[in-house]
Undergrad: 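Okay, handing you the structure first.
Throughout, a chain's letter reflects where its sequence line sits, starting with A, and its residues are numbered from 1. Note that these values count all heavy atoms, side chains included, but never hydrogens, waters or copies made by symmetry. Remember, predicted model here, so these are calculated numbers, not experimental data.
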2 protein chains.
Amino acid sequence: METLDERRKKILCAIIQSHIDLNIPIGSFFITQKFSVGLSSATIRNTMAKLEELGYISQPHTSAGRVPTEKGYRFFVSTLLEEQTLAGNSELSDELSGKLMLTEKDNGKIVKEAANTLSLFSHYLALAIPPKTEDIVLKHIKFIKYEDRKVLAVLVSEEGMISNKIIELDRTYSQKQLDNASSYLNGKFHGLTIKIIREEITGQLHLDKAACDRLIANLIALCREVFTSETEDLTLNMLSGASNLPDFATMKQIKEILRAIEDKQFMLKLLHQMSGSQGTQVFVGMEHIIPSLRELSLVISTYKDGKQANGAIGIIGPTRMNYKKLIPMVDHTARALTRILTEI
Amino acid sequence: METLDERRKKILCAIIQSHIDLNIPIGSFFITQKFSVGLSSATIRNTMAKLEELGYISQPHTSAGRVPTEKGYRFFVSTLLEEQTLAGNSELSDELSGKLMLTEKDNGKIVKEAANTLSLFSHYLALAIPPKTEDIVLKHIKFIKYEDRKVLAVLVSEEGMISNKIIELDRTYSQKQLDNASSYLNGKFHGLTIKIIREEITGQLHLDKAACDRLIANLIALCREVFTSETEDLTLNMLSGASNLPDFATMKQIKEILRAIEDKQFMLKLLHQMSGSQGTQVFVGMEHIIPSLRELSLVISTYKDGKQANGAIGIIGPTRMNYKKLIPMVDHTARALTRILTEI
DNA sequence: GGTTAGCACTCTTAAGCGTTGAGTGCTATT
DNA sequence: AATAGCACTCAACGCTTAAGAGTGCTAACC
């Protein structure tokens with residue numbers, strides 16, 4: 001595979017950046033004008049022909065300028081990621097600290113707020129994926145009498161997530177009894193991840209049953225439901241700035257995006273793709289996730305919440321988006337989010 | 001003001017229904033074909049001229065057919081509302097009962113689920129507005145230790161809404177102390193609406209302070225925050241089926257809708273418009289709510305939640321939407337929702 | 001008087017067609 | 001290797017023309 005020398009890289013980036021700015025095919029003459037590169041248009045043309053041959057750019061039609069291909073964008077993005085541009089996001093910083101430092105919020109709301117701000121500044125659709133339910137560490141569980149035979153279970157995680165779940169029992173218990181059950185479970189499961197708790201419950205359950213009184217056994221049995229079912233609230237997908245829907249996309253694409261985001265599988269898939277790697281990643285062309293999202297890109301970065309769990313926050317926009325500005329922006333937001341979540 | 005005789009009504013409705021079905025201007029000849037009305041196109045033309053003069057229909061251009069005006073749609077809708085068409089929504093019924101009867105849900109989730117289903121069947125954007133916070137009746141309040149000086153307050157309403165709120169205190173309290181505070185407040189405020197509680201707190205507070213011990217006084221003071229601030233979760237706007245975004249609308253309109261829905265004021269305004277009147281209402285052309293939503297209509301119906309509070313559920317679609325099908329659908333959903341919420 | 005056939009008129013839509021201009025690839029030259 | 005020159009291609013634009021849908025009006029009809 002032929003590699004790109006310095007000049008070709010420079011011209012390729014010039015084409016892509018120009019196309020991002022102007023959204024028109026870029027011609028050879030334009031490059032000589034805009035970038036005082038000291039070459040004639042004919043030379044640029046030769047280079048362009050080579051770049052096209054290598055698959056980085058293409059022509060919409062014979063007599064048009066060049067447009068970046070996905071491969072082109074990927075190259076462009078990778079250079080940007082290497083550069084680690086620490087562009088001035090001080091405005092964003094201020095807004096973020098201002099909004100996120102208000103103390104009356106649980107972590108879920110903080111993450112959502114971060115996505116909101118990111119959407120506001122990027123003018124694109126922002127999304128935040130909370131950590132996987134499995135990795136969440138239980139801090140506290142509390143049962144509240146809800147109706148005659150229904151109990152509201154409130155779960156608080158070490159990371160600051162809060163989740164409600166209503167469970168139905170086969171008979172009525174007093175609040176006192178429920179409090180006892182809470183204490184027992186708190187003592188037993190405090191500090192463990194949901195994953196481990198789940199295993200404990202399914203595995204050891206029959207052993208404990210004999211040891212403790214009937215009430216608690218019964219409650220544990222029902223608790224199984226709390227921990228085994230998907231505990232939706234914790235994995236709630238957070239989406240923000242739908243009003244910042246991109247101008248670029250067709251109705252069909254927008255529908256696809258929203259449908260995808262409503263679908264939990266998509267988010268999990270995405271998080272899975274991210275996991276392992278740290279920092280900011282860019283997916284140019286999202287067809288490997290959903291075929292119809294071919295013309296869209298995702299700039300996304302992981303954040304940590306103080307414990308071991310990882311989430312992700314990022315934006316969805318057109319493939320032709322201003323990566324130079326947006327990559328540092330997403331990166332910055334994720335860092336700020338991590339900082340604030342660990343500070344608490 | 002000249003009134004419409006039977007024939008004119010019939011022709012007007014034929015035009016509107018045809019236009020809704022086909023989304024093209026409707027000509028006189030078309031009407032004679034589709035509806036075996038026993039009149040020639042010339043006669044239809046005369047009637048059309050009259051209907052246009054009266055403002056019910058209009059021509060996009062000289063040689064085009066007729067298109068309904070907003071006035072036309074309003075007339076059409078009012079006849080449909082009179083008719084009380086009880087069209088077959090058995091499929092919707094099944095889906096609804098199936099989804100809503102699952103017992104593990106709180107009322108907030110049930111309402112959301114109803115909006116989801118409505119969106120699924122209508123193929124439009126569905127929205128549900130929960131009852132006004134003020135009218136909600138407190139059933140239970142519980143404090144859970146969250147962090148050192150932070151407490152998670154969980155509010156459960158008689159209607160089955162659940163709300164979380166984190167409040168910050170000036171010192172640390174033990175869970176035991178928090179439980180005492182919960183009991184005290186439960187005893188004092190159980191069964192009262194948020195509105196009354198709010199008044200009690202702001203009014204009587206200084207009197208009680210002397211009577212009860214310092215801890216509780218302090219907690220009540222902080223409780224003020226729980227009840228006076230907007231308790232967002234309870235008034236959370238519920239929106240569903242963004243993926244069912246209408247084909248009809250321009251990007252600009254869609255942005256407007258989403259922006260509007262993100263804005264709480266809009267929802268409150270809407271609920272206010274609804275309040276007083278029962279049953280299903282149709283707003284043709286939403287420019288009285290937001291100017292830019294001129295080409296959109298809203299079909300919305302109130303639901304009751306067993307107590308005195310009212311919410312609303314409905315859909316947003318193009319002015320040219322299939323009212324004949326959708327009005328009964330919304331009506332039906334609201335009824336089913338009321339039934340299920342009161343049954344519990 | 002209401003209804004209808006006939007007809008001229010209007011205006012959109014689509015197709016056809018030459019012109020323009022941007023941008024290219026190729027070749028000969030430096 | 002870089003460049004100037006040139007013929008070539010093709011989308012975009014404006015123009016004209018033809019077709020067709022639907023109207024309003026008038027005169028005849030029941």
Undergrad: If you measure only the distance, is there a donor-acceptor pair under 3.5 Å linking the side chains of B:Ser301 and B:Thr280?
TA: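 Checked: B:Ser301/B:Thr280 side chains pair up, N/O donor to acceptor below 3.5 Å.
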Undergrad: Given atom CG of B:Asn46 and atom P of C:dG2, what is their separation to the nearest angstrom?
TA: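 Computing the B:Asn46:CG to C:dG2:P distance gives 10 Å.
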Undergrad: Check this for me, if you would: do B:Asp331 and B:Arg335 make a salt bridge, where the nitrogen-to-carboxylate-oxygen distance has to be below 4.0 angstrom?
TA: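 Result for this pair is yes, salt bridge flagged.
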Undergrad: Please tell me which of the listed nucleotides, D:dT23, D:dT3, C:dG25, lies nearest to the side chain of A:Ala42?
TA: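 So the nucleotide nearest the side chain must be D:dT3.
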Undergrad: Of the nucleotides D:dT3, C:dG21, C:dC11, which one has an atom closest to the side chain of B:His61?
TA: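 Among the listed nucleotides, the one closest to the side chain of B:His61 is C:dC11.
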Undergrad: I need the CD1-C1' distance between A:Ile44 and D:dA4, as an integer number of Å.
TA: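 Checked: the CD1 to C1' distance equals 15 Å.
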Undergrad: Please give me the minimum heavy-atom distance between B:His19 and B:Pro68, naming the atom from each residue.
TA: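 For B:His19 and B:Pro68, the tightest heavy-atom pair comes out as ND1-CD, 3.4 Å.
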Undergrad: Please say whether more than 12 non-hydrogen atoms of neighbouring residues, nucleotides or ligands are located less than 6.0 Å from CZ in A:Phe35.
TA: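 Yes, enclosed.
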Undergrad: Less than 4.0 angstrom from a charged side-chain N to a carboxylate O is my criterion; do A:Arg74 and A:Glu70 meet it?
TA: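 Salt bridge flag = yes for A:Glu70 with A:Arg74.
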Undergrad: Without decimals, in angstroms, what is the distance between B:Ile31 CD1 and D:dA21 P?
TA: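 In whole Å, D:dA21 P and B:Ile31 CD1 are 17 Å from each other.
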Undergrad: In terms of the nearest nucleotide of DNA chain C, which residue is placed more toward the 5' end: A:Glu52 or B:Ser41?
TA: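 Per heavy-atom nearest nucleotide, the more 5' residue is B:Ser41.
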Undergrad: Consider the side chain of A:Thr62, meaning its heavy atoms from C-beta on, and name the nucleotide among D:dT3, D:dT9, D:dA1 that approaches it most closely.
TA: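 Of the options given, the side chain of A:Thr62 lies nearest D:dT9.
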Undergrad: Any N or O donor-acceptor pair linking the side chain of B:Ser63 to the base of C:dC11 at under 3.5 Å?
TA: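 Looking at the base of C:dC11, it does pair with a donor or acceptor on the side chain of B:Ser63 (distance under 3.5 Å).
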Undergrad: So does A:Thr43 get a side-chain nitrogen or oxygen closer than 4.0 Å to the phosphate oxygens (OP1/OP2) of D:dA1?
TA: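 A:Thr43 to D:dA1 OP1/OP2: no side-chain N or O under 4.0 Å.
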Undergrad: Write down the distance between NZ (B:Lys50) and C1' (C:dT3), rounded to a whole number of angstrom.
TA: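 Rounding to the nearest Å, NZ of B:Lys50 and C1' of C:dT3 are 17 Å apart.
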Undergrad: In whole Å, I'd like the distance from the CZ atom of A:Phe29 to the P atom of C:dG25.
TA: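 Going from CZ in A:Phe29 over to P in C:dG25 covers 17 Å.
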Undergrad: Should A:Arg66 be listed as having a side-chain N or O under 4.0 Å from OP1 or OP2 of C:dT24?
TA: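 Checking A:Arg66 against C:dT24: at least one side-chain N or O falls below 4.0 Å of OP1 or OP2.
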Undergrad: Could you give the CD1-to-P distance, from B:Ile24 to D:dA21, as a whole number of Å?
TA: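 Going from B:Ile24 (CD1) to D:dA21 (P), I get 11 Å.
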Undergrad: Report the distance from atom CD of A:Gln59 to atom P of D:dC8, rounded to the nearest whole Å.
TA: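 Going from A:Gln59 (CD) to D:dC8 (P), I get 18 Å.
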Undergrad: Nearest to the B:Arg45 side chain among C:dT3, D:dC25, D:dA2, which nucleotide is it?
TA: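 The answer is D:dC25, which lies nearest to the side chain.
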Undergrad: Roughly, in whole Å, what's the span from CD in A:Gln33 to C1' in C:dA22?
TA: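 Answer to the nearest Å: 14 Å.
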